[in-house]
**Q** 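Structure in structure tokens, see below.
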Amino acid sequence: MRNSWADSVENTATDNVGPSGGSGASASTRRSSYVPPHLRNKPMGAEPPAPSPGGPPSGNDRSGFNGPTSGSRWVGSRPDYGRQGYSGGGRSGGGWGGRGGGWGREREVNPFGNDADVDLEQSFDQENSGINFDAYEDIPVETSGENVPPPVNTFAEIDLGEAVNLNIRRCKYVKPTPVQRYAIPISLAGRDLMACAQTGSGKTAAFCFPIISGIMRGDFSQRPRGVRTVFPLALILSPTRELSMQIHEEAKKFSYQTGVRVVVAYGGAPINQQLRELERGVDILVATPGRLVDLLERAKVSLQMIRYLALDEADRMLDMGFEPQIRRIVEQMDMPRPGERQTMLFSATFPKEIQRLASDFLANYIFLAVGRVGSSTDLILQRVEFVHDGDKRSHLMDLLHAQMANGVHGKQALTLVFVETKKGADALEHWLCINGFPATAIHGDRTQQEREQALRTFKRGDTPILVATDVAARGLDIPHVSHVINFDLPNDIDDYVHRIGRTGRAGKSGLATAFFNEGNLSMAKPLADLMQEANQEVPEWLTRYASRSYGGGRNRRSGGGRFGGRDFRRDSSYSRSGGGGVSYYEGGNSSGGYGNYSGGYGPGVTSAWD
DNA sequence: AAAAAAT
């Protein structure tokens, strides 16, 4: 038995029958024609009894958001919920107002594919027995804020509902990751949250599960049923289109057969198709800011019914480039105010000044830091090499050649090369290609089609080298990236952290190589500090540069010190009476102040874990 | 200064 948190369920059930209830649908029934309301949400042919809409009778609005949830309300009483083949669990038109119209009849595409159903007889308890919980002891966890709900150890002790539990199993998650263990109970208790957790540690699921579960148990019968305006209940914002797509994909898995509908909206793609998706109903909207503003201005979307707001890569969303847009969406549209909605901010890095900005969006929030913030896992081996600008290309070629010659990496080993500029990305891609290296590039000046194509061929291994700007630095979960090369170092240590976090995922080890020269002096100290904290070998020459303490350096480390996750409310400069209790649930600092993610998630487990 | 994000 592996001892990882989200280890894969052994390939028990292969090629089982598809999810019960949906097996009758063929491709030809996918696209539905108009269905009169009284026939919606009913499978073709027979009419199964429709369960009454569950959930507390007065669960609308704020109730349920300010206290702990009261245990399993419907899990036991509706054991079949998750097995219904039709979204909405058979709710008929009226009782679930605003839940889209007409989409219920359509067979929900199985996001897990045909062979993905797991042995549904297995229980979490069986699966988890024997797992070594010592792996958690080394992970420093800090929480602050009032009345922090205690963490859980297993998915079984979280009341997410049977349908979500099945999806967790289908995802082959066996055990919650540390950030999930803490964040999910906090979130289920209705609390606002600012969470820092290492790259690849399961943040997407940490905010998706409680949102989905909350929507399932809530009563939103008063949701307006606009003809041209839709009223999502949850909004998830992310800084890049590809990340939004990825979150959408994940969220669809988590909400499969729950009746909760997830729609994505982002720029660079035709808006009409997105509008059609929205019109079919939306509970959770995943979006990039620009396109969302567009939709809001056209009154295609209203944020009036938003109960959950999640910002992924939240520090990014609030940095200079994005902050005005985000404020506009969150503060100047029809979004409920803090306290009337539940807000969750997630990132691997959280500079203090950004925390300060972010606190405008939060009400009595809990700060959570899991693992040394921004730390790469131990699984990433970091190297720095001194390379003059003029030597970078030939040096890169040496690295790529050596990598191939090594044979250590299989054919599918992928290399991600980060450069500073879009022009530089194109130039390097071209240069690699004419030198016989199968490379492609992704950056913001390429068309959305080109961007998606580049990512696709990279993932597939058709072009195992991807040259990228920072558009690909955050959140993207690309399996088999074994090497991240910082051809140009970023100017911000946090960006470095996110970049190298593209490797060392899913339990695999990874290598990160950076080219350093006189142009990167401001990075010497933060880089040396970071590497030292991550138990990496710091070259002596870098230490020398670091000791010279070049100004600036954007050394606004997301923490500094032993582990960066520091609640800015605890700063002396920010003195507020009773700034919230601080508690340490776990052993704190036993391994030098960074999380040891040894073990990882096992093969075959892919997910959006940033 | 650069990158991202609406048309």
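Every chain is numbered from 1 and lettered A, B, ... according to where its sequence line falls, protein lines coming before strand lines. From a predicted model like this one, the values you see are computed outputs, not experimental measurements.
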**Q** How about A:Q449: does its CD atom have over 12 heavy atoms from other parts shown lying under 6.0 Å from it?
**A** no
**Q** Under 4.0 Å, heavy atoms only, any strand: does A:R316 hit a base, just the sugar-phosphate, or nothing?
**A** base
**Q** Could you please name the option among B:dA2, B:dA6, B:dA4 that lies closest to any side-chain atom of A:T421?
**A** B:dA2
**Q** Check whether any side-chain nitrogen or oxygen of A:T469 sits under 4.0 Å from OP1 or OP2 of B:dA4, and answer yes or no.
**A** yes
**Q** Please report the shortest heavy-atom distance between A:Q304 and A:F231, naming the atom on each side.
**A** OE1-CE2, 3.9 Å
**Q** How would you label the contact of A:E420 with the nucleic acid (heavy atoms, under 4.0 Å): base, sugar-phosphate, or nothing?
**A** sugar-phosphate
**Q** Which nucleotide wins on minimum distance to the side chain of A:N491, given the candidates B:dA1, B:dA6, B:dA4?
**A** B:dA1
**Q** Quick one: is A:T288 getting a side-chain N or O under 4.0 Å of the B:dA4 phosphate, OP1 or OP2?
**A** no
**Q** Under a 3.5 Å threshold, yes or no: a donor from one side chain and an acceptor from the other, between A:S238 and A:S244?
**A** yes
**Q** Round to a whole Å and report the spacing from CZ of A:R291 to C1' of B:dA5.
**A** 11 Å
**Q** Within this structure, what is the CG-to-P distance between A:D470 and B:dA5, rounded to whole angstrom?
**A** 12 Å
**Q** Figure out the CZ/P separation between A:R499 and B:dA3, and round it to whole Å.
**A** 11 Å
**Q** What's A:R298 touching, base or sugar-phosphate or nothing? Going by heavy atoms closer than 4.0 Å.
**A** nothing
**Q** If you only use heavy atoms from C-beta on, which nucleotide in B:dA6, B:dA4, B:dA5 is closest to the side chain of A:H443?
**A** B:dA4
**Q** For the pair made of CE in A:M317 and P in B:dA5, what is the distance, rounded to whole Å?
**A** 10 Å
**Q** Starting from C1' on B:dA1, measure out to CG on A:D319 and report it in whole angstrom.
**A** 14 Å
**Q** NE2 of A:H498 versus P of B:dA4: gap in Å, rounded?
**A** 16 Å
**Q** Are the ring centres of A:F207 and A:F346 closer than 6.0 Å?
**A** yes
**Q** OP1 or OP2 of B:dA5 sitting under 4.0 Å from any side-chain N/O of A:R451?
**A** yes
**Q** Between A:K422 and B:dA4, does any side-chain N or O lie under 4.0 Å from OP1 or OP2?
**A** yes
**Q** Ignoring hydrogens, what is the shortest heavy-atom contact between A:V538 and A:Q532? Give both atom names and the distance.
**A** CG2-N, 3.9 Å
**Q** By the 4.0 Å heavy-atom rule, please label A:G321 as base, sugar-phosphate, or nothing.
**A** base
**Q** Using whole Å, report how far OH of A:Y266 lies from P of B:dT7.
**A** 11 Å
**Q** When you get a sec, tell me which of B:dA1, B:dA4, B:dA6 is the closest nucleotide to the side chain of A:V471?
**A** B:dA4
**Q** In whole angstrom, give the distance that lies between atom CG of A:D426 and atom P of B:dA3.
**A** 11 Å
